Amino acid sequence: MRPRILLVEDESAISEPLAAGLEREGFDAEVVATAEAALAAYGAREPDLVLLDIMLPDGDGRDVAREIRRSSDVPIVMLTARGEEVDRVVGLELGADDYVVKPFSARELVARIRAILRRGRAGGGRAKPVTIGEIHIDPDARSVTRAGEPVELAAKEFDLLLHLMRNAGRVVRREELMDEVWDPHWFGPTKTLDVHISWLRKKLEADPSDPRYITTVRGVGFRFIPAEEASAAG
Ligand code: CA
């Protein structure tokens, strides 16, 4: 099913090309131009994600975000004008998931929307713990054990391990890990990823120089051993 995007933007010079771009990229885009229409459209159709301009003809996009947040965890991305630094902060404090500063490229925005939708809705029920070999990770408790012993992980190490374990057996590309674990604003070098991988190996692997759980696929990314291989290897 195509993800449904509600685009709340009163400037047609922005909303029309953006809606067309979203449709081309496989989304269903609905455009409304006022705060009132935004709340009505949200209530009627419960989109998968809301793109929300701050300056609307009949109100403030931040009030719309607050109103939506009273009843829903739907991802909200604020569209801010250049230089609205305060709005960025307020936008995120009120529960928005991300923001983009105008002018933005449709391509950049689509990449962020995909990353947010992949991360899934916050508070969407209990997340499943994963056990592979001796490693057990519980997303809700944010706890990790190795052979029953607690392992202390920093936040990014935890997020990285969780994404790798949820995708065990698959080679996860470096770009995907940067998107998922750091943020969709990221571009540039990925040295920090290698540093975090080496920290994880020190904490989880019997021999970090010959890792069994997290292997490197040179030039591509990393792979967490799937459960069947972990048990076969003892
Ligand atoms: Ca506006």
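Numbering of ligands and ligand atoms starts at 1, following listing order. All residue numbers in this chain count up from 1 along the given sequence. Computed over heavy atoms, backbone and side chain alike; hydrogens, waters and symmetry mates excluded. Keep in mind it's a predicted model, so treat the numbers as computed, not measured.
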Practice task
Taking both backbone and side-chain atoms into account, decide whether Glu9 has an N/O/S atom under 3.0 Å from the Ca ion (ligand 1).
Solution key: no
Handout entry: Within 6.0 angstrom of Glu23 CD, more than 12 heavy atoms from elsewhere
Key = yes
Handout entry: Contact check, side chains of Phe222 and Leu193, non-hydrogen atoms, under 4.5 Å
Key = yes
Handout entry: Name, closest N/O/S atom of Asp53 to the Ca ion (ligand 1)
Key = OD2
Handout entry: Arg223 with Glu229: basic N within carboxylate O range, under 4.0 Å
Key = yes
Problem - Among the N, O or S atoms of Asp10, the one nearest the Ca ion (ligand 1) - result: OD1
Handout entry: Spatial distance of atom CG (Leu6) from atom CG (Asp28) [nearest 0.5 Å]
Key = 12.0 Å
